[in-house]
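For reference, the structure discussed in these notes is given below.
None of these values were measured; they are calculated from a predicted model. Counting starts at 1 for both ligands and their atoms, following the listed order. Counting begins at 1 with the first residue of the sequence. Side chains included, hydrogens not; waters and symmetry mates left out as well; all remaining heavy atoms used.
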Amino acid sequence: MKVAIASDHGGINIREEIKALLTELGIEFQDFGCECETSVDYPDYALPVAEKVASGEFDRGILICGTGIGMSISANKVKGIRCALVHDVFSAKATRGHNDSNMLAMGERVIGPGLAREIAKTWLTTEYEGGRHANRIGKISEYEQKNL
Ligand code: RB5
């Protein structure tokens, strides 16, 4: 698995925590910034990473900002992206199992590094269940094909 990761200025600490986790798990990753001391705009990081996941260059993407909201809204504008904004371990498991989410967004002003690490670990290691969920995801893809 190849993971693309990025954050804005509001998510730098959790980004470092998740990079350490990825290294521990032996998962290949690339960090797409930000290299920021000052304020940056989250779409400038979310959109390129989402495009890299949508194109297949990376299997999954992880985005962190202050709330995770701006990153998830931006990433979900890219066709083929199912970015889940997650702040609990139950949802991390459910969104992989049920939604086959290919991107994870978290907010550093919402949760601490310990919980972020558990969420990311669960999200990275939970398999998509398919079955009845495939039909639902198919309806999203069908809409994207017709409208985007
Ligand atoms: C930046 O101040 C903040 O708006 C951003 O990190 C994020 O929370 C947006 O959704």
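Ion pairing of Glu118 with Lys121 is absent here, as no side-chain N (NZ or NE/NH1/NH2) approaches a carboxylate O to less than 4.0 Å. Here Lys79 does not pair with Glu144 in a salt bridge; the nearest charged N to carboxylate O distance is not below 4.0 Å.
Atom 2 (O) of ligand 1 has as its closest protein heavy atom Arg109 NH1, 3.3 Å. In this structure, the protein non-hydrogen atom closest to atom 6 (O) of ligand 1 is Asp8 OD2, 2.6 Å.
Not one N or O of Cys65 is nearer than 3.5 Å to an N or O of ligand 1, by distance alone. Residue-to-ligand polar distances keep Tyr42 apart from ligand 1: every N/O pair is separated by 3.5 Å or more. Between Met71 and ligand 1, not a single N/O pair is under 3.5 Å apart.
In the hydrophobic clustering of ILVMFWY residues, with side-chain heavy atoms under 4.5 Å counting as a link, Ile14 and Phe32 come out apart.
Within a 6.0 Å radius of NZ in Lys93, other residues, nucleotides and ligands contribute 12 heavy atoms or fewer.
Using a 4.0 Å threshold on non-hydrogen atoms, atom 4 (O) of ligand 1 does not count as touching the protein.
Judged by the shortest distance from any of its heavy atoms, Glu108 lies outside the 4.0 Å radius around the atoms of ligand 1.
Side-chain contact between Arg96 and Arg60 is present, with at least one heavy-atom pair separated by less than 4.5 Å.
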